Undergrad: 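I have a structure I would like to understand better, so I am pasting it below and will then ask my questions one at a time.
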Amino acid sequence: MAKYNWTNETIKERYMECIELWYKETNPTLKKSYFKTARNLQNFLESKKETKPNFSLLESYNFEKENFSQREFLWEIYQEFAKVTKSPILNIPNLNNSSLSPKDILELTYDFYKSLDPFIFKHFMQHFHMRKDHIRFVNQKDNNDFAGINIVISHRNEAFIEVVSENTINDVITTIHEYGHLTSYTINPFNKCKPNFYYTEIITLFLELIGADYLGNLFGSDNSIILKADNHNTMSDFTNITSRKIDLFTCEELIPNGYTKNKDFKTIGKELLNLNFEEIKRLFTNENVEIDDYVIGYIVAIDLYYIYLEDKEKAMYILKKMLLYKAKSELDYFNNLKRLGIIPNQHIHEYVTTLRSDVLTLSRKHN
């Protein structure tokens, strides 16, 4: 097998192994764990097929509503963030094509993690040492659904990473992001489970922010600005989608029996939300299901980033406390963030203003 590669056949082998272990296991806890891993592996293999499930708007809406209703304590924070990030950052220059090889990308990822904190680095290395045949880089045209994925197989203490290559320096950021997930799960396996799992994007998006600065120092500050601005626009899109969903959930109370047919969505969209039916349907496509975890992850990551800029040791201490926490509920986890000194949206105006100014200066330089 080529270096820095793995195949779907390996995932099929792990899937069959899990099925066999599940069948033979008598311990209920282990049996459930094998089943969950097998299902995740199956989902990955099925995601490689062109056909995808096609749920109705009402089915997708009710699925999302159930999840969102458990996080109503975050709705105001989402909406406040959406107001600040509603307009995208314009005229962002493109990243230059990169000649970085997979080996180069992994060496940069290693150096970045080593620069952070001994505790974080130690847990990062538990998966990084298997990189030869547990990470692969695929062409962007072959997979447009995501920038990267990780597949965790707990009973083997192993994981596989796939990075969808853009052939830019952003490939390093994607690699840092995916190893961030694995580092999080290694520090605390509870982070793979509810309720912690909802906040699992905090560490990855925080690492993207400081990773952009790290690469900017190595390859020029322009790269840092472009990486952060591109990422911000993606998160801004997610935030605006999340905000519109909340608007729809809130407006449903105005209909006696709630949304029961497409006409109800059309009426509320037209009369109250300035949304046509096609726009409403796009809010609940497969690509937009459960993206609100990225939104809260980004909101918290920005606040932690500002703490990091002032006091790196303090930020790392807070990050470790977050990663080690075993929450009783999603609200409990959020309250713990506040106890640790995280104030959501505290720095968002400053961050967006600075980023817009930096991009404007950069775009003028490129013209």
Side-chain angles (χ1 to χ4, degrees), residues 64 68 71 74-95 144 146-147 166 168 170 173 177 201-202 204-206 208-213 216 221-251 268-285 287-306 309 343-367:
E64 291 260 49
F68 268 80
R71 300 154 191 155
L74 293 173
W75 287 12
E76 186 177 343
I77 292 170
Y78 290 147
Q79 298 290 49
E80 181 184 355
F81 190 78
K83 289 177 183 177
V84 180
T85 62
K86 186 174 183 179
S87 301
I89 298 176
L90 303 176
N91 301 317
I92 306 171
N94 293 324
L95 288 167
N144 293 318
F146 41 74
E166 297 179 4
T168 70
N170 191 54
I173 295 295
H177 181 112
E201 297 297 342
I202 293 174
T204 56
L205 294 173
F206 169 67
E208 285 195 23
L209 289 171
I210 61 175
D213 288 346
S221 60
D222 290 5
N223 290 289
S224 175
I225 295 168
I226 296 170
L227 286 167
K228 287 190 286 190
D230 282 339
N231 184 51
H232 178 79
N233 276 354
T234 298
M235 294 302 135
S236 176
D237 288 342
F238 288 172
T239 303
N240 289 328
I241 290 168
T242 298
S243 176
R244 292 189 186 108
K245 288 178 181 178
I246 292 172
D247 288 338
L248 280 166
F249 299 145
T250 303
C251 288
I268 291 295
K270 179 181 179 180
E271 295 183 1
L272 298 178
L273 301 177
N274 195 30
L275 287 172
N276 63 45
F277 186 60
E278 290 303 314
E279 289 172 323
I280 292 174
K281 284 198 296 184
R282 282 197 292 273
L283 294 178
F284 297 94
T285 57
E287 293 76 15
N288 291 332
V289 171
E290 296 183 297
I291 60 172
D292 47 310
D293 54 343
Y294 283 92
V295 177
I296 190 60
Y298 190 56
I299 290 170
V300 173
I302 288 174
D303 194 61
L304 186 59
Y305 174 65
Y306 272 85
L309 294 178
I343 305 175
N345 292 323
Q346 181 180 22
H347 297 285
I348 183 57
H349 286 275
E350 180 183 355
Y351 181 74
V352 174
T353 300
T354 301
L355 200 53
R356 289 188 191 280
S357 176
D358 289 344
V359 169
L360 180 59
T361 301
L362 189 58
S363 62
R364 287 171 175 168
K365 186 170 72 172
H366 279 243
N367 289 335

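Note that the structure is a prediction, hence the values are computed from the model and not measured. Position 1 is the first residue of the sequence; numbering continues from there.
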Undergrad: How long is the span from the CD1 atom in Ile246 to the CD atom in Glu64, to the nearest 0.5 Å?
TA: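 Interatomic distance, Ile246 CD1 to Glu64 CD, rounded to 0.5 Å: 10.5 Å.
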
Undergrad: Under the salt bridge (charged side-chain N to carboxylate O under 4.0 Å, His left out) test, which residues partner Lys270, sequence neighbours left out?
TA: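 None.
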
Undergrad: Could you tell me the separation between the OG atom of Ser224 and the CD1 atom of Ile210, rounded to the nearest 0.5 Å?
TA: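 Ser224 OG to Ile210 CD1: 11.5 Å, rounded to 0.5 Å.
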
Undergrad: Check side-chain contact (heavy atoms from CB on, under 4.5 Å) between Asn240 and all other residues, then give those that pass, not counting sequence neighbours.
TA: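 Asn240 satisfies side-chain contact (heavy atoms from CB on, under 4.5 Å) with Ala82, Lys86, Ser236, Arg244 once adjacent residues are dropped.
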
Undergrad: Going by heavy atoms in the side chains, are Lys245 and Asn288 under 4.5 Å from each other?
TA: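 Lys245 vs Asn288: side chains touch.
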
Undergrad: Got a sec, which residues hit side-chain contact (heavy atoms from CB on, under 4.5 Å) with Glu166, two or more places apart in sequence or on another chain?
TA: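 Checked Glu166 against side-chain contact (heavy atoms from CB on, under 4.5 Å); matches are Gln140, Thr168, Asn170, Asp171.
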
Undergrad: Does any pair with a residue in residues 347-367 pass salt bridge (Lys or Arg N to Asp or Glu O under 4.0 Å), and if so which ones, sequence neighbours excluded?
TA: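 For residues 347-367, and leaving out neighbouring residues, the salt bridge (Lys or Arg N to Asp or Glu O under 4.0 Å) pairs sorted by first residue read Asp222-Lys365.
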
Undergrad: I'd like to check the side-chain hydrogen bond (donor to acceptor under 3.5 Å, both in side chains) partners of Gln79; sequence neighbours left out, ordered by chain and number.
TA: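 Per chain and number, Gln79 pairs via side-chain hydrogen bond (donor to acceptor under 3.5 Å, both in side chains) with Ser243, Asp247.
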
Undergrad: Checking Tyr351 now: which residues fulfil ring-ring contact (aromatic ring centres under 6.0 Å, His included) with it, not counting sequence neighbours?
TA: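 ring-ring contact (aromatic ring centres under 6.0 Å, His included) list for Tyr351, sorted by chain: empty.
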
Undergrad: For Tyr294, which residues count as a ring-ring contact (aromatic ring centres under 6.0 Å, His included) partner, sequence neighbours excluded?
TA: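 Tyr294: ring-ring contact (aromatic ring centres under 6.0 Å, His included) contacts with Phe238.
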
Undergrad: What residues, two or more places apart in sequence or in another chain, satisfy ring-ring contact (aromatic ring centres under 6.0 Å, His included) together with Phe68?
TA: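 Per chain and number, Phe68 pairs via ring-ring contact (aromatic ring centres under 6.0 Å, His included) with Phe249.
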
Undergrad: Nearest 0.5 Å please: distance from the CD1 atom of Ile173 over to the CG atom of Asp230.
TA: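 With rounding to 0.5 Å, CD1 (Ile173) is 11.0 Å from CG (Asp230).
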
Undergrad: ring-ring contact (aromatic ring centres under 6.0 Å, His included) with Tyr306: which residues, sequence neighbours excluded?
TA: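 In terms of ring-ring contact (aromatic ring centres under 6.0 Å, His included), with neighbours along the sequence ignored, Tyr306 is linked to His347.
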
Undergrad: Does Asp293 have any side-chain contact (heavy atoms from CB on, under 4.5 Å) partners at least two apart in sequence or in another chain, and if so, which?
TA: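 Testing Asp293 for side-chain contact (heavy atoms from CB on, under 4.5 Å), a comparison that skips the adjacent residues, returns Tyr198, Glu201.
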
Undergrad: Quick check: do Leu205 and Met235 have side-chain heavy atoms less than 4.5 Å from each other?
TA: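 The answer is yes, as the side chains (C-beta and beyond) meet within the 4.5 Å cut-off.
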
Undergrad: Sequence neighbours excluded, which residues qualify as side-chain contact (heavy atoms from CB on, under 4.5 Å) partners of Asn91?
TA: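 For Asn91, the residues satisfying side-chain contact (heavy atoms from CB on, under 4.5 Å) (neighbours in sequence not counted) are Ser363.
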
Undergrad: Could you check whether any side-chain heavy atom of Thr250 comes within less than 4.5 Å of a side-chain heavy atom of Trp75, counting everything from C-beta outward?
TA: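 In short, these two side chains touch, coming nearer than 4.5 Å.
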
Undergrad: Can you tell if the side chain of Ile299 reaches within under 4.5 Å of the side chain of Asn345, non-hydrogen atoms only?
TA: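 Yes, their side chains come closer than 4.5 Å.
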
Undergrad: Between Thr85 and Tyr298, is any pair of side-chain heavy atoms under 4.5 Å apart?
TA: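 Contact flag for Thr85/Tyr298 side chains = no.
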
Undergrad: Would a 4.5 Å heavy-atom cut-off, applied to side chains only, mark Tyr305 and Asp213 as touching?
TA: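 Yes, close enough: below the 4.5 Å cut-off.
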
Undergrad: List the residues meeting side-chain hydrogen bond (donor to acceptor under 3.5 Å, both in side chains) with Glu271, not counting sequence neighbours, and say none if there are none.
TA: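 By the side-chain hydrogen bond (donor to acceptor under 3.5 Å, both in side chains) rule, Glu271 matches no residue at all.
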
Undergrad: Taking atom CD1 of Ile280 and atom CG of Leu248, what is their separation to the nearest 0.5 Å?
TA: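 Answer for the CD1-CG pair, Ile280 versus Leu248, is 5.5 Å.
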
Undergrad: Where the side chain of Asp292 meets the backbone of Val295, is there a donor-acceptor pair that is under 3.5 Å apart?
TA: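 Not a single qualifying donor-acceptor pair exists.
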
Undergrad: Go through Thr239 and Tyr78 one step at a time and tell me if the side chain to side chain contact (heavy atoms under 4.5 Å, CB included) criterion holds.
TA: CA-CA 7 Å; Thr239 303; Tyr78 290 147; 5.8 Å; no

